[in-house]
Amino acid sequence: MNIRTAQQIENFSDALARHNLDVRRQSLQTLQVNLGKLCNQACSHCHVEAGPLRTENMERRTIDRLLSLIENCPEMQTVDVTGGAPELNPHFRYFVSELRALGKEVIDRCNLTVLFEPGQEDLPEFLRAQGVQIVASLPCYARENVDRQRGSGVFDKSVRAMQTLNGLGFGRADSGLSLNLVFNPQGATLPPEQGELERDYKIRLREDFGIEFNRLFAIANMPVKRFADALEREGRWEEYMQTLIDNFNPTAAEDVMCAALVSIGWDGKIFDCDFNQMLEIPHDGKAKSIWDIEGLEELTGSIAFDNHCYGCTAGAGSSCSGSLG
Ligand code: SF4
Ligand code: SF4
C-alpha cells in the first residue's frame, strides 16, 4: 500500500462526517472491470503502473464468472472495461460481445494507440459493430504535452486513431457512436473548468485535424502510484494534498462515483473503485473476490474511503466520467 500520511491532514472520513455526509453505495449502476495491466504504453501518470512488460491478464474463467453475475443483475446497466490496454487481453472481444448480447452498455477505455498494435487492425470495426462507447485519454491538444506524459509519438498516433474512429461514425453527431476524451492536468494542479476546456478542445481538434468528439471528461490526477511517486520525488506531495484538501467540495463528495460503481480486478478481487484496487484497499474492509459472493447486489453499503479520496472531491470533483455535478 502506498498511501502517504501526514500529521496535518484531516482524515477523509472525518471530513465527510464534519459535513454530515454519510456516503454509501445505494445501488450498483456500473461495474468497472480491469482486464489486466498489459499496455502498449507506459505513461508517467498511470495509476495502474501498466506497461508492455506486465503479464497480469484476466483469465477466461474469471470473465465467465463475471458474465454470470452480470446476467443476474438487471439493474446494473453499464460495464466499463479498463486496463492496461483492455483490448490486449485475448478475451476482450468475447467479453464485449457477451455483454452486448446481455443488453449491457459497454465502455472501452481505449488509449487510441492500441489501434496500431499487431492484430488490432480490425478493432475499430469490431467496436463499431458492437456499439461500444469509447473513452480515450488525450491530456492535451498540443503534441509536446501529450508526448511528454504518454510517450514520444503518442500524439500523432492518437490523432490518426481518432480520424479512423470518426471515419466509422464515432464522435459524429447523430451516429449513436460515442467518442469521449479524457483530460488530466500535466502536473500538481486541479483541472480547469470542464465545459470551457471542452470548447477549446473542440475548436483546436476540428481546425487542426478535422476531428470530432462528443464530450471531454476533465479528471484530477489522483495521488496514488506513479503520480504519487513523481510528487514525492519532486517534494510536492504535501503541497498537492493540501490543494486537494483546501478545495474539498461537499457537493462533489455526495456524488463520488463509488456511490454507484464497483471495480473488479484482473484476478476477480472486488474493490470500491479502480484507485482502491491499485492501492489494494478491499471492499468492506476484507479481501473478497467474485467467487465469494452470490450476486452483485451484495456490493451495496459502506465504502472504504482513505485520504487519496480527496482527489475525487476537490473543486468540481472528479470521476472516470469527468467532473461531478
Ligand atoms: S495508456 Fe492508460 S493504462 Fe496504458 S500506461 Fe497509459 S495511462 Fe496506463
Ligand atoms: S478514490 Fe475511490 S473510494 Fe475514494 S472517493 Fe474516489 S471513487 Fe470513492
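Heavy atoms only: backbone and side chains are in, while hydrogens, waters and symmetry mates are out. All residue numbers in this chain count up from 1 along the given sequence.
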### Message
Please report the interatomic distance CZ(Phe155) to CZ(Phe209), rounded to the nearest 0.5 Å.
### Response
4.0 Å
#### Entry: Lys/Arg-Asp/Glu bridge criterion (N-O < 4.0 Å) met for Glu49, Arg226
no
### Query
Using 4.0 Å as the upper bound for N to carboxylate O, is an ion pair formed by Arg93 and Glu87?
no
### Query
Just how far is it from atom OG1 of Thr82 to atom CD1 of Ile107, taken to the nearest 0.5 Å?
10.5 Å
### Message
Taking the ring of His47 and the ring of Phe227, is the distance between their centroids below 6.0 Å?
### Response
no
### Any donor-acceptor pair under 3.5 Å from Lys37 side chain to Leu53 backbone
no
### Task
Check whether any side-chain heavy atom of Val79 sits under 4.5 Å from a side-chain heavy atom of Val33, and report yes or no.
yes
#### Entry: Any donor-acceptor N/O pair, Arg215 side chain to Leu181 backbone, under 3.5 Å
no
### Query
Which residues satisfy the salt bridge (charged side-chain N to carboxylate O under 4.0 Å, His left out) test with Asp147, sequence neighbours excluded?
none
### Task
Mind listing the closest non-hydrogen atom pair of Ala252 and Cys312 along with its distance?
CB-O, 4.4 Å
### Query
Mind checking whether Phe305 and Val23 have side chains closer than 4.5 Å, heavy atoms only?
yes
### Heavy-atom check, side chain of Cys110 versus side chain of Leu115, under 4.5 Å
yes
### Message
Between Gln29 and Leu261, is the side-chain contact (heavy atoms from CB on, under 4.5 Å) condition met? List the steps.
### Response
CA-CA 6 Å; Gln29 290 161 21; Leu261 169 151; over 6 Å; no
### Task
Find out whether Leu168 and Glu125 are in side-chain contact, i.e. whether some heavy atom of one side chain is under 4.5 Å from a heavy atom of the other.
yes
### Message
Any carboxylate oxygen within less than 4.0 angstrom of a Lys/Arg side-chain nitrogen, looking at Arg172 and Asp174?
### Response
no
#### Entry: Lys/Arg-Asp/Glu bridge criterion (N-O < 4.0 Å) met for Asp64, Arg60
yes
### Task
Could you tell me whether the side chain of Lys202 and the main chain of Asn214 form a donor-acceptor pair under 3.5 Å?
yes
### Query
Between CG of Asn184 and CE of Met222, what distance do you get to the nearest 0.5 Å?
12.0 Å
### Task
Report the residue from Leu35, Val135, Asn34 that forms a side chain to side chain contact (heavy atoms under 4.5 Å, CB included) with Val81.
Leu35
### Query
Can you find a pair of side-chain heavy atoms, one from Val262 and one from Ile270, that are under 4.5 Å apart?
yes
### Task
Check whether any side-chain heavy atom of Leu31 lies under 4.5 Å from a side-chain heavy atom of Leu66, and answer yes or no.
yes
### Query
What residues form a side chain to side chain donor-acceptor pair (under 3.5 Å) with Arg150, not counting sequence neighbours?
none
### Task
Please answer whether the main-chain N or O of Asn221 pairs with a side-chain N or O of Tyr240 as donor and acceptor at a distance below 3.5 Å.
yes
#### Entry: Shortest non-hydrogen contact between Asp267 and Trp291, atoms and distance
O-CZ3, 3.9 Å
### Query
What residues form a salt bridge (charged side-chain N to carboxylate O under 4.0 Å, His left out) with Asp108, not counting sequence neighbours?
none
### Arg24 side chain to Thr300 backbone, donor-acceptor under 3.5 Å
no
### Task
Please work out which of the three classes, parallel, tilted or perpendicular, describes the rings of His19 and Phe248, given edges at 30° and 60°.
tilted
### Stepwise side-chain contact (heavy atoms from CB on, under 4.5 Å) check, Asn145 with Arg148
CA-CA 5 Å; Asn145 287 340; Arg148 189 181 315 124; 3.3 Å; yes
### Message
Contact between Phe183 and Phe217 at the side-chain level, heavy atoms closer than 4.5 Å - yes or no?
### Response
no
### Test salt bridge (Lys or Arg N to Asp or Glu O under 4.0 Å) applied to Lys288 and Asp292, step by step
CA-CA 6 Å; Lys288 256 193 204 173; Asp292 299 326; over 6 Å; no
### Task
Decide yes or no for Pro90 and Asn57: does some side-chain heavy atom of the first lie under 4.5 Å from some side-chain heavy atom of the second?
yes
